[in-house]
*Asks:* 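Below you'll find the structure I mean.
Indexing begins at 1, ligand by ligand and atom by atom, following the structure's order. For reference, positions follow the sequence shown, starting with 1.
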Amino acid sequence: MSQIQEGGDGNKKPVKKTPNDFMFGKVIGEGSYSTVYLAKEVETGTEFAIKVLEKRHIMREKKSQYVMREKEVLMKMNHPFIIRLYFTFQDTDRLYFVLNYAERGELLDYLHKLSSFDVPCSQWYAAEIVHALEYMHSLNFIHRDLKPENILLNTDMHILITDFGSAKILNKEEEIKPEEEHHTQRRKNSFVGTAQYVSPEVLTSKQVCSSSDLWALGCIIYQLLSGLPPFRGGHEFQIFQKIQKLEYEFPDGFDPLARDLVEKLLVIEPTQRLGCEELGGMEQLKSHPFFEGIDWEHLSEQKPPELLPYLPATKDNPDELWSRPGFDDKRIVELITNNVSDNLSITEDERNKRLEDQKKNNEYHKFVEDNLILKQGLVDKRKVL
Ligand code: ATP
């Protein structure tokens with residue numbers, strides 16, 4: 001994207017940026033096909049996040065269409081809750097996407113730290129997502145991979161939705177036709193999106209419509225309040241089966257208004273989801289009692305509520321340590337999260353003892369240069385790993 005800037009002669013002329021217009025700082029993120037750097041524009045000192053994509057890697061992995069899609073969609077959007085693409089440029093080896101810097105990182109990290117959000121926070125962040133979706137859908141874009149990982153936060157803790165590589169640009173005729181792209185994808189035993197948030201129509205009829213984002217929204221609202229997405233399983237096939245059978249449960253104490261909203265979004269038939277055109281559009285969704293008190297016109301100018309957990313955090317409240325009997329997914333997440341922070345405050349003696357034990361018994365010790373392993377387990381595949 002070229003920017004129109006004032007030339008020295010007073011005429012407007014397009015100016016193409018180059019890597020030399022920016023100072024590149026630390027790495028702030030790694031994607032499967034990109035590395036994201038914090039950067040400063042030399043001329044103005046403005047901070048940006050620059051996503052750098054290696055052309056060779058993109059070609060080898062056949063991801064050119066995703067990259068082009070992301071660029072095309074981002075270039076057309078300008079909304080306070082959606083990541084903004086300011087410039088793109090390239091050199092022989094790389095493509096550069098200059099984005100606004102989401103200083104506070106991923107919403108998912110906050111969710112992991114707190115286990116779950118309280119009702120006012122969940123209401124607020126759900127409202128910001130609805131606001132962004134309404135805009136996106138008005139331009140006929142479907143995100144198709146909406147999930148807490150793709151929701152970043154700016155300095156003021158407002159959301160910035162990102163990752164438009166899987167987005168679909170709709171025109172009205174396409175919305176009702178089976179989707180060519182999904183045919184191909186399905187034949188390869190694949191699908192667009194992330195298993196936990198994928199809608200039933202994408203799994204069964206290969207159709208995608210803007211309502212598929214409303215399904216993902218239902219999953220996210222459930223997750224904000226309970227800590228985990230509604231459809232879970234040991235492997236993707238199990239998750240898909242649960243989605244198609246609408247097999248999920250609300251944990252005890254789940255806010256009743258949020259429950260009513262989630263139930264109206266997690267509906268198998270896409271035309272029956274609250275917020276879809278057939279049911280009166282996004283205005284109907286925004287009028288749901290869960291959103292009572294939200295000032296839709298001025299969301300981006302207001303300060304989001306302080307992030308607080310739905311259940312009191314275990315460290316601050318010893319009673320919570322033994323909060324309830326049972327061992328389920330949510331508890332595992334709570335325990336693992338606390339276990340890591342507990343490990344950070346162990347005494348020197350304890351540390352040495354664990355290190356000795358690790359040297360003798362842990363087959364991964366040889367990879368960690370005599371450091372103590374605080375947490376061990378499977379991780380999502382990442383480029384750097
Ligand atoms: P994948 O390509 O594997 O799906 P991804 O979509 O997360 O990964 P990127 O969009 O390249 O890949 O982002 C990589 C990481 O960089 C993200 O997880 C995020 O934490 C961070 N990141 C991306 N964009 C920004 C931004 N504008 N501001 C701050 N951090 C960002």
Side-chain angles (χ1 to χ4, degrees), residues 1 17 22-41 46-75 77-90 93-113 128 132 136 141-168 185 190-198 213 216 220 236 378-385:
M1 192 194 323
K17 296 277 180 194
F22 298 90
M23 288 182 288
F24 287 74
K26 62 178 180 180
V27 171
I28 47 178
E30 289 274 353
S32 317
Y33 311 103
S34 60
T35 304
V36 182
Y37 298 86
L38 177 61
K40 218 176 228 196
E41 193 180 21
T46 313
E47 282 187 341
F48 290 101
I50 304 192
K51 182 161 160 169
V52 182
L53 304 111
E54 296 282 338
K55 288 182 186 172
R56 259 199 329 210
H57 188 54
I58 301 290
M59 302 298 279
R60 199 173 48 228
E61 300 291 324
K62 301 190 172 49
K63 294 292 168 188
S64 308
Q65 58 157 327
Y66 291 91
V67 176
M68 297 319 292
R69 179 100 45 91
E70 178 154 46
K71 177 178 164 184
E72 186 184 352
V73 172
L74 282 178
M75 273 173 63
M77 290 193 293
N78 182 2
H79 186 275
F81 300 147
I82 296 175
I83 210 88
R84 178 103 188 262
L85 178 64
Y86 290 93
F87 317 101
T88 60
F89 47 89
Q90 54 178 304
D93 299 324
R94 298 174 200 92
L95 302 172
Y96 299 82
F97 285 13
V98 182
L99 307 157
N100 46 348
Y101 174 37
E103 203 177 324
R104 306 288 181 131
E106 292 174 16
L107 184 71
L108 188 66
D109 288 340
Y110 287 85
L111 199 51
H112 281 163
K113 264 181 223 147
E128 290 201 356
M136 225 184 277
F141 298 147
I142 313 174
H143 188 286
R144 292 205 292 191
D145 197 13
L146 203 60
K147 56 181 173 176
E149 227 178 322
N150 286 337
I151 299 172
L152 304 179
L153 295 160
N154 72 10
T155 326
D156 302 321
M157 294 298 284
H158 287 290
I159 65 161
L160 289 168
I161 297 183
T162 187
D163 203 354
F164 285 81
S166 311
K168 173 83 191 158
Q185 297 269 353
S190 170
F191 67 99
V192 174
T194 303
Q196 283 88 346
Y197 307 87
V198 76
D213 284 343
I220 295 171
E236 284 188 349
L378 294 175
V379 291
D380 288 339
K381 193 175 84 182
R382 285 275 167 205
K383 183 158 70 81
V384 273
L385 295 178

*Asks:* Which atoms of ligand 1 are found less than 4.0 Å from any heavy atom of Asp163?
*Replies:*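 By the 4.0 Å cutoff, the relevant atoms are 4 (O), 6 (O).
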
*Asks:* Please classify the Ala49 to ligand 1 contact at 4.0 Å (heavy-atom distances, strictly less than): side chain, backbone, both or neither.
*Replies:*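 It is the side chain that gets close, since no backbone atom is under 4.0 Å.
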
*Asks:* Whether Arg56 and Glu54 form a salt bridge (side-chain N of Lys/Arg under 4.0 Å from carboxylate O of Asp/Glu) is what I want to check.
*Replies:*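 Between Arg56 and Glu54 there is no salt bridge, as every charged N stays at least 4.0 Å from the carboxylate O atoms.
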
*Asks:* What part of Glu103, side chain, backbone, both or neither, has a heavy atom within less than 4.0 angstrom of ligand 1?
*Replies:*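 Looking at Glu103 and ligand 1, no heavy atom falls under 4.0 Å.
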
*Asks:* Among all residues two or more places apart in sequence or in another chain, which pass the side chain to side chain donor-acceptor pair (under 3.5 Å) test with Glu61?
*Replies:*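 Listed in chain order: nothing, the list is empty.
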
*Asks:* Glu70 side chain to Phe164 main-chain N or O, any donor-acceptor pair under 3.5 Å?
*Replies:*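 Side chain of Glu70 to backbone of Phe164, a donor-acceptor pair under 3.5 Å: yes, one is there.
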
*Asks:* What do we get for Asn100 next to ligand 1 when only non-hydrogen atoms under 4.0 Å count, side chain, backbone, both or neither?
*Replies:*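 Backbone only.
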
*Asks:* Heavy-atom contacts under 4.0 Å between Ser32 and ligand 1: side chain, backbone, both, or neither?
*Replies:*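 The answer is both.
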
*Asks:* For ligand 1, is any non-hydrogen atom under 4.0 Å from Glu106's backbone (N, CA, C, O), its side chain (CB onward), both, or neither?
*Replies:*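 Contact part for Glu106 vs ligand 1: side chain (C-beta onward).
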
*Asks:* So, Asp145 versus Thr194: side-chain donor-acceptor pair below 3.5 Å or not?
*Replies:*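 Asp145 vs Thr194: donor-acceptor pair found between side chains.
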
*Asks:* So, does Thr162 sit close enough to ligand 1 that a heavy atom of it is under 4.0 Å from the ligand?
*Replies:*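 It does not; every heavy atom stays at 4.0 Å or beyond.
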
*Asks:* When you look for heavy atoms under 4.0 Å from ligand 1, do you find them on the side chain of Leu160, its backbone, both, or neither?
*Replies:*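 Near ligand 1, Leu160 shows nothing, with every heavy atom at 4.0 Å or more.
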
*Asks:* Under a 4.0 angstrom heavy-atom cut-off, which atoms of ligand 1 come close to Leu152?
*Replies:*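 Heavy-atom distances to Leu152 below 4.0 Å select 24 (N), 25 (C), 26 (C), 31 (C).
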
*Asks:* Would the number of heavy atoms belonging to other residues, nucleotides or ligands and lying under 6.0 Å from NZ of Lys55 be above 12?
*Replies:*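 Atom NZ in Lys55 is packed in, count exceeds 12.
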
*Asks:* Distance-only check: which donor-acceptor pairs under 3.5 Å involve side-chain atoms of residues 152-159, not counting sequence neighbours?
*Replies:*
from: Asn154; atom 1: OD1; to: Asp156; atom 2: N; distance (Å): 2.9
from: Asn154; atom 1: OD1; to: Met157; atom 2: N; distance (Å): 3.1
from: Asn154; atom 1: OD1; to: His158; atom 2: N; distance (Å): 3.0
from: Thr155; atom 1: OG1; to: Glu103; atom 2: OE1; distance (Å): 3.1
from: His158; atom 1: ND1; to: Glu128; atom 2: OE2; distance (Å): 2.6
from: His158; atom 1: NE2; to: Ser300; atom 2: O; distance (Å): 3.3
from: His158; atom 1: NE2; to: Gln302; atom 2: O; distance (Å): 2.9

*Asks:* Taking Asp213 for the side chain and His143 for the main chain, is one N or O donor matched with an acceptor at less than 3.5 Å?
*Replies:*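 Yes; judged by distance alone, with no hydrogens or angles, the pair exists.
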
*Asks:* For the 3.5 Å polar cut-off, considering only N or O atoms, please tell me whether Ser34 and ligand 1 meet it.
*Replies:*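 Among all N and O atoms of Ser34, at least one is under 3.5 Å from an N or O of ligand 1.
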
*Asks:* If the cut-off is 4.0 Å to any non-hydrogen atom of Ile28, which atoms of ligand 1 fall inside it?
*Replies:*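 Near Ile28, meaning under 4.0 Å from one of its heavy atoms, ligand 1 has 29 (C), 30 (N).
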
*Asks:* Measure from NZ or CZ of Lys17 to the centre of the six-membered ring of Phe89 and say whether it is under 6.0 Å with the direction within 45° of the ring axis.
*Replies:*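 No, Lys17 does not lie over the aromatic ring of Phe89.
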
*Asks:* Just by distance, do the side chain of Arg94 and the backbone of Leu53 share a donor-acceptor pair under 3.5 Å?
*Replies:*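 Not a single qualifying donor-acceptor pair exists.
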
*Asks:* Would you say Ala102 has any N or O atom under 3.5 Å from an N or O of ligand 1, going by distance alone?
*Replies:*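 Yes: some nitrogen or oxygen of Ala102 is under 3.5 Å from one in ligand 1.
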
*Asks:* Looking only at distances, please establish whether an N/O atom of ligand 1 is found under 3.5 Å from an N/O atom of Tyr33.
*Replies:*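 Between Tyr33 and ligand 1, no N or O pair is found under 3.5 Å apart.
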
